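Because the structure is predicted, anything quoted here is derived from the model rather than measured.
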Amino acid sequence: MPGRFLSLAEVQEMLSISATQAYSLVRTGELPAIQVGPKKVWRVEAAQLEEYIERQYARTRERIASGEM
């Protein structure tokens, strides 16, 4: 059973983006995340990642519909 939370490394791998890009998504709040433990490591809830992906699909559809590429 997959875990509820993902590390930034897992997010990075799933989205095929760099570590810097994953961290930027979290720091800007575009991808909601929490910090846990004494080392305050970032964790992204799997459901939040899925919602982020759906938002990106919607934004892409809007850009295509408006003729913007």
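Separation of atoms CD (E68) and OG1 (T60) is listed at 10.5 Å; rounding is to 0.5 Å.
In this structure, the side chains of V44 and L25 stay at 4.5 Å or more apart for every pair of heavy atoms. Side-chain atoms of Q56 and E30, non-hydrogen and from C-beta on, do get closer than 4.5 Å to each other. Residues V11 and W42 form no side-chain contact, since every pair of their non-hydrogen atoms from C-beta on lies 4.5 Å or further apart.
Under a hydrophobic-cluster definition in which Ile, Leu, Val, Met, Phe, Trp and Tyr are linked whenever side-chain heavy atoms come within less than 4.5 Å, directly or via other members, V41 and L6 are assigned to different clusters. No path of Ile, Leu, Val, Met, Phe, Trp and Tyr side chains, each step under 4.5 Å between heavy atoms, connects I64 with Y57, placing them in separate hydrophobic clusters. Both Y23 and I53 sit in one connected hydrophobic cluster of ILVMFWY residues. Membership requires side-chain heavy atoms under 4.5 Å apart, directly or through other members. Hydrophobic clustering (side-chain heavy atoms under 4.5 Å, transitive across Ile, Leu, Val, Met, Phe, Trp, Tyr) keeps L49 apart from F5. L31 and I34 end up in different hydrophobic clusters when Ile, Leu, Val, Met, Phe, Trp and Tyr side chains are linked at under 4.5 Å.
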- Message: Show, in sequence, the C-alpha distance, side-chain angles and deciding distance for E10 and S7, and conclude whether the side chain to side chain contact (heavy atoms under 4.5 Å, CB included) test is met.
- Response: CA-CA 5 Å; E10 291 170 316; S7 68; 3.3 Å; yes

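Here the shortest heavy-atom pairing between A46 and G3 reads CB-O, 4.4 Å. Nearest heavy-atom pair, A33 versus V26, reported as atom, atom and distance to 0.1 Å: CB-CG1, 3.6 Å.
Shown here is E51, whose CD atom has more than 12 heavy atoms of other residues, nucleotides or ligands within 6.0 Å. Within a 6.0 Å sphere centred on CZ of R55, other residues, nucleotides and ligands contribute more than 12 heavy atoms.
Checked by atom type and distance alone, the side chain of Q48 never pairs as donor or acceptor with a backbone atom of E45 at under 3.5 Å.
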